[in-house]
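I have placed the structure first, in the form of C-alpha cells, so that the comments after it can refer back to it.
Hydrogens, waters and symmetry mates are skipped; everything else that's a heavy atom, side chains included, is used. Small disclaimer: the values here were computed from a predicted structure and weren't measured.
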Amino acid sequence: MKTQTTSNGTFSELDKLSMANITAKSSRLWGFFIACYWVSIVTFALLWRAYKHVSWLRAEALKSPDVKPEQFAIVVRDIPHVPQGQTRKEQVDSYFRDIYPETFYRSMIVTDNKVVNKIWESLEKYTKKLARAEAVYAGSKTTAKPEGTRPTNKTGFLGLVGKKVDTIEYCNEKINELEARLESEQKVTLREKQQDAAVVFFSSRVVAASASQSLHAQMVDTWSVFDAPEPNQLIWPNLKIKYFQRELRQYLVYFIVALTIFFYMIPITFISALTTLDNLVKYLPFIKPIVNIKALKTVLEAYLPQLALIIFLALLPKLLLFLSKFEGIPTESHAVRAASGKYFYFTVLNVFIGVTIGGTLFKAFKRIREHPTLDEISSLLAESLPGNATFFLTYVALKFFIGYGLELSRIVPLIIYHLKRKYLCKTEAELKEAWRPGDLGYGTRVPGDMLIVTIVFCYSVIAPVIIPFGALYFGLGWLVLRNQALKVYVPTFESYGRMWPHIHNRILASLILYQITMFGYFGTQKFYYTPLVLPLPILSLVFGFVCAKKFYPAFQHPALEVAANTLKEVPNMELIFGAYIPPSLRSEKIDGDRVEDALSQASRTTPV
C-alpha cells in the first residue's frame, strides 16, 4: 500500500487523525463505515427538526395581526387578448368579479414604465443635486462673506466639459421641465402602455391566499397567478413575459449557467495549481527575496491559493443574478434565491470538485501519463483525496478567522462611510445613504455557507480534524451573523422564510455528494462491504421527497388556516392599493383613483 497523507508534507501529524493511515482491506475501515452512517442519520434528524421549526416561524409571521398589503393581493400574468368593446381593466375586473363577487376589490393593470421611469430617475437625480447645491451654498456663507458663493457646474460629460451654469438655477429649471414631462408621460403610460398582467386586490386575505394557489383557467398559459410579494419586490418588466417565453428563457439560462460552470472549471483548476508558492517563484523569480522571509513564507504557503480563490469567486454573483432575472422571475426575493442556487452548484462543482480533482491531476499528471491504468488512477485518488484536506481546512479557517473578524468589525464600510462623510456628503439624505448598511446578502452568503457544509461533510470521515473547524465556523457564525442581522443590516425585502427549502435542498445535495464520495473512497480502499454504503444516497433522496411533500407546500403558498387569523384593524384598501403604484407613477395630481380612471378610459376598440 502506497503511503497516504492529508497534508502533502505540510502538517504530517494530521495523517494520524485521518483515514490516510488506514491500509487497504483493514478491519479498522468498519469504524469509518459506521461513522459514515452516523453522520447521515444525525443530518436527517437535524434537518427534519429545522424544517419543522422554520415552518412554525413562517406561520407565526404570516399570522401577524398587522395589515400587510401583500396578503390582500395576487399577481396575474398571461391575460388573454382584450375582447372587442372592453378595456384591459374592464376585462380583468369582470373576470375576477364573476369568480369572487363578494371579496373582489379592484385591479391595477401593469404598464410599460420604461420611459416614465427614466424621467422619474432624472427628476430624482436633479432634486438630490439641488439639495446638495443649496447645502453647499448655505455652508459657504460666513461672517466675512455673508452672501456666500453660489455653486456652479458644467453641463457636459461628467460635469467636466460644456457650458458653465449656476447649479441651483440650472437644477430648478431642469426640475420644472422634468415635472411637466413626467406628468404628461404618466398619463400616456396609464392609457396607452398597458400590459397583459395585473395586480388584483381582495378585501379578505383568506380569499387572496386561496386565489393565489388556484387554477383559474383551463389552459395553463392563460390567467396564471401567484401570491403578491411586497410592493418593492416586484420586477415590473418581467410581469409581461409570456408563459412559454418564460419556459424557453429558463432552459436557455440553465444552458448558459452549465457552460459557465464548465468553462470556469479551467481557470479555477489552473489557479489552484498555479498559486502554490513554488510555482509563483518559478514563474515570477523577482518575488524570491520576499518569500525567503520565513514568517511571510509560512503565511503565504497556507493562505495564498485560498485568497486567490475567494477573490476569483467574488466576480460571479452579479452575472448569476442578472441571468436569474432574465429567466422572467417576477420578484426580487425569488431572483436572489435562484441566483443563490446557481452560485451554490457553481462553487461545489468548481471549487470543491475542481480543486480536489484538479489539484490531484496537476500534481500527478506525469505519473498518470506513465501508468494510465484504472488501478493506478484509483490508487492515486485514494492517496490524494485525503491530501486535499489541508487545503480545505485552511480555507475554512481563513473564512471564519478573517471573514468573521471583518464582518464583526465592519472596518471597510466604516472607512468608506467616514471618507464619504468628510468629502462627499453635504445633506442629511446623503449621510443616511452613505450610512445605509444594506441587507445580509443572501445570494452570496448562503452559497458560501453551503460550500463549507459540503467541505465538512465530505471530509468529516476522511479527515475528521476538519469537524472542529466546521463547528467553529458555524458556531461563531451564529453569534456574529445573528447580531448583524438583528442590529446592523437593513432587510430590503421579506419573503417569510422561503429561502429555507432551498437551503434544505442544498444541504441534502451536499450530503449525497459526501455519501457518493465515501462510496468511491471505500472502493479504492478495497473494503469488502463497500456496497452497503449505496443505501445512504437512496435514503437521502427518499428523505428529501418526504420533506418536500410534507413541508414545502406551506412555503410555496400561504396556508388558509394561517391567513384566517384575525386582524387587529379593518384593512384600508385604498392604502393597500396605493402601495403597489410604482414610484414613477405617483404624484399629487395622479392618485390611486385617477390611476384607476385612466386605466378604465383606455381604448375600448384596440386590443392591448
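- No more than 12 heavy atoms of other residues, nucleotides or ligands shown are found within 6.0 angstrom of CZ on Arg181.
- Residues Arg205 and Asn565 come closest through the heavy atom pair NH2-O, 2.9 Å.
- Under the 30°/60° scheme for interplanar angles, the aromatic rings of Phe555 and Tyr51 are found to stand perpendicular.
- Checking Glu192, Gln186, Glu185 one by one against Thr189, the side-chain hydrogen bond (donor to acceptor under 3.5 Å, both in side chains) holds for a single residue, Glu185.
- The environment of Arg421 atom CZ is sparse: at most 12 non-hydrogen atoms of other residues, nucleotides or ligands sit within 6.0 angstrom.
- Ion pairing of Lys568 with Asp66 is present here, as a side-chain N (NZ or NE/NH1/NH2) and a carboxylate O approach within less than 4.0 Å.
- Applying the side chain to side chain donor-acceptor pair (under 3.5 Å) criterion to Thr331, with sequence neighbours excluded, gives no partner residue.
- Taking both residues in full, the closest heavy atoms of Phe469 and Leu393 are given as CZ-CD2, 3.6 Å, listed atom of the first, atom of the second, then distance.
- Remark: the backbone N or O of Ala554 is paired with a side-chain donor or acceptor of Arg58 at under 3.5 angstrom.
- Residues meeting the side chain to side chain donor-acceptor pair (under 3.5 Å) test with Lys426, sequence neighbours left out: none.
- A side-chain hydrogen bond (donor to acceptor under 3.5 Å, both in side chains) check over residues 120-135, counting only residues at least two apart or in different chains, returns the pairs Arg132-Glu430.
- Proximity of the aromatic rings of Tyr105 and Phe72 is defined here by a centroid distance below 6.0 angstrom, and this criterion is not met.
- Checked against Tyr473 for a ring-ring contact (aromatic ring centres under 6.0 Å, His included), the options Phe401, Trp478, Tyr404 give a single hit: Tyr404.
- Between Lys399 and Glu407, none of the side-chain N atoms (NZ, or NE/NH1/NH2) sits under 4.0 Å from a carboxylate O, so this pair counts as no salt bridge.
- Between the side chain of Gln213 and the main chain of Asp227, no donor-acceptor pair closer than 3.5 Å is present.
- Closest non-hydrogen pair, Arg77 versus Asn238, comes out as NH1-O, 3.7 Å.
- Shown are Asp449, Thr454, Leu451, Val446; of these, the side-chain contact (heavy atoms from CB on, under 4.5 Å) with Phe344 is made only by Thr454.
- Ile241 and Arg246 get closest at one heavy-atom pair: O-NH1, 2.7 Å.
- Between Phe322 and Phe326, the two ring planes are parallel [angle under 30°; tilted spans 30° to 60°].
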